[in-house]
Each structure stands twice: as structure tokens, then as C-alpha cells.
**Q** 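My questions all concern the structure below.
The model shown is predicted, which means the values in this text are computed figures rather than measured ones. Basis for what follows: all heavy atoms, side chains included, without hydrogens, waters or symmetry-related copies.
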Amino acid sequence: MSTPYPFTAVVGQSDLRLALLLNAVSPAVGGVLVRGEKGTAKSTAVRALSALLPKVDVVSGCRFSCAPAGPDPACPDGPHEPGPGALRPARMVELPVGASEDRLVGALDIERALAEGVKAFEPGLLADAHRGILYVDEVNLLHDHLIDLLLDAAAMGASYVEREGVSVRHAARFLLVGTMNPEEGELRPQLLDRFGLTVEVAASREPAQRVEVVRRRLAYEDDPAGFATRWAGDEHEIRARVVAARALLPKVSLGDTALLQIAATCAGFEVDGMRADIVMARTATALAAWAGRTEVRKEDVRQAALLALPHRRRRNPFDAPGLDEDMLDRILDEFPDEEPEPDPEPEPQGPDDDGGPEDGGPDGGPGGTPPQGGGPDTPGTERQPESDSADAPQAPESPESPEPQPSAQESTGPEQAAVRAAEPFRTKMLSVPGLGEGASGRRSRARTAHGRTTGAQRPRGHLTKLHLAATIQAAAPHQKARGRSGRGLVIRKDDLRQASREGREGNLVLFVVDASGSMAARQRMGAVKGAVLSLLLDAYQRRDKVGLITFRGATAELALPPTSSVDAAAARLEQLPTGGRTPLAAGLLKAHEVLRIERLRDPSRRPLLVVVTDGRATSAGNAGGRTDSTPRELAGHSARLLQAGGVASVVVDCESGPVRLGLAGVLARDLGGPAVTLDGLRADSLAGLVKNVRTAVAATASPNSNRRAA
């Protein structure tokens, strides 16, 4: 077994370490969600936490970690006889993003259950994590059906395995810790709320601290055991402090003033529900116990708010996480502590919040030990300096430039300032025609592993969803020949039938937008940006992907690669410029290339193409083709290429003026989809346009033309 990196050797990241240690003191806090860019020691700190947890007393031989003093009466390995247990280290169980349902909750042998009446159950990861840590790296990429199972287990403290009337239940109380990179997509609100605390982490910009990170990491890789030995003393001190804080926790008093501060803070930040109040109360109590006190103070409530509220106060995914600390201080100042103590307690450990020379050690050698200092210290001195330094340089920035920047190339034309998006709105239900087999989602009809049962078939590989009626029907004619004598059926493997289910899938909506300098381009871009942002918000809820291609001047650009990250999408869309000529063919060919690559990455996710243009083509751009072809001919060829690939398409006609050429209608016929005039391009109608593509495509294309590439 490899030697884990010591928790106390992690440089900086004081908020992350504090949040993890508070959960070690009080598992009732509810876990930690760690958000941040890659390479910021998120996984390293989480994996090192298990070494600081006290050992667990379990029933000998129990696969479900029952406590000897109070075993689970429904334990599948029970009933347990009274007696002494065995101490073992607390487990940290890691849930892979691509894990199966059986791997998470456990597997039940259906064949033996039907034929012999035996509950042959193999425990899953939830059983292994009971009374320990369940760690999910890249939790935002976890499949929906696994998230649903986690939500159920976290809410009930138990895991249920149901297979056609045969059920197994066991206790599953664990500390849920997840890490994620927000650029790769957001987390569902239901699961987000299940994390007690959240922490934002980022790499340090201080050269001395970065040097110390590299020094310690290299020292650990050269000699893991020796490096761990050098930090063993600090690990022991933190472990002892966790044990002492756990013992002190029941004695901590949460007074009426502290409760009023908590309630006023949650109400002031308009947090939904009451879970935030409960989590803040538990966190403030744990903070007091960690500091060695028996009463909760205002600074404990303040620090609890900074850890427990940022991910709960977001009204929609476009809001940046975080709290207004000035507002927090104003709320707390309305409820001063009843008995302020003038003599603060001396802290037994030195400061570690700056991660500078202290972290490097006095000798500057590899793996130097900071004085007293692996764990976080008192809460009041950690966050404020970081907040001040982070807020200071942001004032002079401006979201857009007031002056257009002309281009040196004649084909590009003058570039206009980026146009702000219109206000996002709630979209109607969008869907793609036909029955797909894409990734699990909440949009178009698809054959999935979860949903309503529509039929039965022979299983391909391991049986996951038994169709009981079809299985009995297949076995019934052979009972006499198999010598059935008792009440039970004689079931063989060939009799088993897999249930065919229909549910919903996620799709890819790809926008191809004319960003050239034609009439009303700025107004059009504002409305289109608002519509795309609205669809991104809807995609966040329905687990879709949305992409954006713009074409102007001589090129087409993939402004927004297919993504579910609404935060990254909002930032990209806000900076899109306009101006220049119209290389329509280049935009269509770029869409063809993007969809081709996406089919290779995710062949089951069906696309819908939305082209926003007036149909004019004034530049061939980088579309290539024959030199004697006009820009319009190249655009028509590119459109027919997309139609041949079976891509469902719709064209938004942006042509204006008393004389209309109808070029967008020609483009729509080449694409095999409908065209909608500019009059229909409103922020509240563009999403409805996508919803109606089923009827429009059926009216303008052959029945099978838009299903071949799914």
C-alpha cells in the first residue's frame, strides 16, 4: 500500500483544510464540496483526511461496519450477537465517475433469489463507506442515476436495493466529499444542497509559496515513507486535536444570540429552505469545539456563513458563488454577543494562514515543517486577509470597451464592441424528433436504462433490470420437463429477460450565428445571446450540451465548444464581437466539423442545428472549394452536406427591409429544415422555435432524412 501524502504537509489552502477538519470533528455538518481549477491539491487534501479520523469500532466479520454497541437490526449480515468489536481505521471510499449502479449500491443475484429464495447480496461502495468518507472526484460529471441514489442514501442514512419485489436494506451514513472543476459543468441543485460546506480553491500567486509546494512534492515522490515520517508529529497533534474537539462537542452551548445571528444571516441572504440554518448551527458549534471553547461566538457564526452559504445563495447558475462580507458583517452587528470576553484565549498553535516563510521551514530544506502548523487555526484570522487581497485588483476592470477596434484586413471590416446579451428567460420544453439512445437526460425520448418499461428482451451481458412477467412466461412451458415438484419455479439462465425501458436523453443544440456587420447585427446579437444563455440555463437543468459558432469577416469561430458549464458559457458569450463581411459557407462547414467530432466523442447524442442569418453570403472565407464557385454556391453546397448527414436544422431569417431576397428560405431548403422570419426572432420565441422543429422538419423533409446520424 502506497504512503499517502500527509494532510499537514499541504501548503496553504487554509479554508479547505478547515472545512475538512470541521467535518472530522462533527460528521453531522454534512460534507464538503471543493470547487476549483485543476492542480490545486483538492484530491490530495481529501485523500489525506482519512488518516486524521479516529478509528471505528465495528462488529467482527460484518461487511456493513455495524457498531457493536448498536448494530443495525436490518443488517444483511445480522442479527449480531452482543460482544466486543474490533477497531479498524476509518475508510475513505472513492466513487468513480463511470461506476455502475450495482457497484454503488451492491448487486443482488436475481436468479438465485427467484429459484432458491436466497438473498445473495454483494455489498457496494455505499456499504464500504458507512461510518467513513465517500469521496467523488469530478462530482459534477457523475451520471444522473448515480446522483439520485446518492441523494436517497444521504437523506435516509440507508441504501435500498430493489429487484422486482426482492429488497435488501443496510445503513449508509457517510461523510460526502466531492471535488469539481466548474469549467466542466455545474452540479444539480438537489445534490449541491446536500453538501454541508463549500470551498473555492485556487493556486497561489506567491512565488515563495509555489516554490514550497514544488519542494514538498518532490521530496514526497523521492521518499514517501521518509517524508511522512518527518510530518508524523504534526499529524499526531492534529489527530489528537480532532479527538479532543469531538469529546468537547456535546458540551458546546449554542445560545439564543447565536441562533438569532444564524437565522438573520440566512434570511438576509435569501437562502431557500431551512437546511442552511441547521448546517450553520452545526458548523458554528464545531468551530467552537475546534477552538477549545464551550460557547459559540459571533466569529464562529461568521466563519460558518462563509463556508455554508455561498453555494446555497445562488439564485440561478449565472450568479457567481460567494458572499458579500460587508453585508454579512452588517447583519451580525445587529446581534452583538451578550457577554463579550475582553481576554481572548491564547492559541496553542502558530498562524498558518499566509503559507509563506512559515510553510517553508526555517532551514528551507525539502519538506520543512511549519511551526505547530498543519491544521487551520482559529477561524477569525483566516478569511479576511484573503478576501481583501482578492477584491482589491478587480475595481478597474470594465466589461466592454466603448470604442470599436478597426481591423487591418479589408475583408474583416471594422469590428464593433461586444454586445451585451438580452435578459435570460425560461424556455419551453425542447425536443428532437424520433427515439434516440443518448446519454441520460431530461429532454428527448430515448431508450435508456431507466424509465418506464416498454418491453422485454434477452439480456446482453450482465442482467440489470429484470422483466419478471416475461421471465416467468419464458420459464413456464418447461416446468414439467424440468421436473418441477415444489412450489417454486425452476428458473434457468436462458429464461431471464431484460426490461426494455424508455426515458429521456440529453441533446446537443448547436447555434451558428451571423456576427457580420449587416443591418441590425447588434440588436440581433443581443437577442441571440439572450436566447443562447436561456437555453444554457435550460440545458443545465436538463443535462444537455449547447454550442455556439459565429462567422464574420473571413473566418468562422467556435466561440463556445459544446458544454454544460453555464458560467463559462456566459463569460464567452458576453465578449463576442460583431462586424465585417459574411462567410456563410465557412460557418456551415465549421458546424459540420464540430458535429463530426462530437459524433466521435459521443455518438449517441443527437444534434439540433439552429442557423441565425439573413442568408446572404458575401465572402467565401476559409470555406475552400472550387475557385469558380460564388460564395452563395459554396454556402448551398455546405448546407446540403449537413442535410446528407441527417442533421435536424432550422434557419432564423434575419433579413429586413421592404425588399426581401428570400435567401434564408433557400438555405433552409438546402439544409432540409424550416425557415422562420426575423419577426419571429424574440427572446421569448427563439426557444419555442426549437421546440417546434419536430413539426416543421416533418413538413419539409422526408420521414427518414433527419434520423440517420443519431
Side-chain angles (χ1 to χ4, degrees), residues 23-32 49-50 52-95 99-110 112-113 116-136 145-178 191 194-196 242-243 246-247 249-250 275 278-279 282 286:
N23 277 272
V25 171
S26 176
V29 167
V32 185
L49 176 65
S50 60
L52 303 180
L53 298 180
K55 291 186 176 182
V56 180
D57 191 14
V58 299
V59 174
S60 299
C62 179
R63 298 175 297 169
F64 301 88
S65 302
C66 285
D72 182 8
C75 176
D77 285 354
H80 298 298
E81 297 294 332
L87 285 176
R88 66 160 175 79
R91 292 174 180 164
M92 195 212 70
V93 178
E94 188 164 352
L95 172 60
S100 65
E101 180 179 337
D102 287 345
R103 184 71 186 99
L104 178 61
V105 301
L108 187 65
D109 192 328
I110 298 297
R112 290 189 62 190
E116 306 173 24
V118 176
K119 293 183 180 179
F121 181 69
E122 184 66 27
L125 296 178
L126 290 180
D128 294 340
H130 179 47
R131 304 175 67 194
I133 302 173
L134 181 62
Y135 171 48
V136 188
H145 66 284
L146 297 182
I147 290 180
D148 293 336
L149 293 171
L150 277 180
L151 289 173
D152 291 341
M156 298 182 294
S159 174
Y160 291 85
V161 183
E162 301 284 347
R163 292 291 189 274
E164 301 295 343
V166 180
S167 63
V168 174
R169 173 207 171 277
H170 65 83
R173 292 182 294 274
F174 47 82
L175 174 62
L176 182 61
V177 180
L191 184 58
R194 285 294 175 184
F195 287 97
V242 169
V243 173
R246 278 194 172 189
L249 188 64
R275 182 173 285 117
I278 297 172
V279 171
R282 290 171 175 168

**Q** Listed by chain and number, what are the side chain to side chain donor-acceptor pair (under 3.5 Å) partners of R103, not counting sequence neighbours?
**A** none
**Q** Mind listing the closest non-hydrogen atom pair of L150 and L126 along with its distance?
**A**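 Scanning both residues completely, I find the closest heavy atoms to be CD2-CD2, 4.1 Å.
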**Q** Between atom CD1 of I133 and atom CG of L49, what is the distance when rounded to the nearest 0.5 Å?
**A**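 I133 atom CD1 to L49 atom CG measures 4.0 Å (nearest 0.5 Å).
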**Q** Any chance you could measure L104, atom CG, to L149, atom CG, to the nearest 0.5 Å?
**A** 5.5 Å
**Q** Just how far is it from atom CZ of F195 to atom CG of N23, taken to the nearest 0.5 Å?
**A**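 Rounded to the nearest 0.5 Å, the CZ-CG separation comes to 10.5 Å.
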**Q** Can you give the donor-acceptor pairs under 3.5 Å from side chains of residues 152-159 to other protein atoms, not counting sequence neighbours?
**A**
none

**Q** Could you check whether the rings of F64 and F121 sit parallel, tilted or perpendicular, using 30° and 60° as the cut-offs?
**A**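 F64 and F121: parallel rings.
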**Q** With sequence neighbours left out, write down each residue that passes ring pair (Phe, Tyr, Trp, His ring centres under 6.0 Å) with Y135, or none if nothing qualifies.
**A**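 For Y135, no residue satisfies ring pair (Phe, Tyr, Trp, His ring centres under 6.0 Å) once neighbours in sequence are set aside.
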**Q** Only one of R282, R131, R246 clears side chain to side chain contact (heavy atoms under 4.5 Å, CB included) with P27; which?
**A** R246
**Q** Is there any salt bridge (Lys or Arg N to Asp or Glu O under 4.0 Å) pair reaching into residues 52-67, and which pairs are they, with sequence neighbours excluded?
**A**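 Residue pairs with at least one partner in residues 52-67: R63-D77.
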**Q** Show me the pairs that pass salt bridge (Lys or Arg N to Asp or Glu O under 4.0 Å) and involve residues 168-177, at least two apart or across chains.
**A** D72-R169
**Q** Enumerate the side chain to side chain donor-acceptor pair (under 3.5 Å) contacts for residues 121-130, please, sequence neighbours excluded, ordered by first and then second residue.
**A**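 Pairs touching residues 121-130 that pass the test: none.
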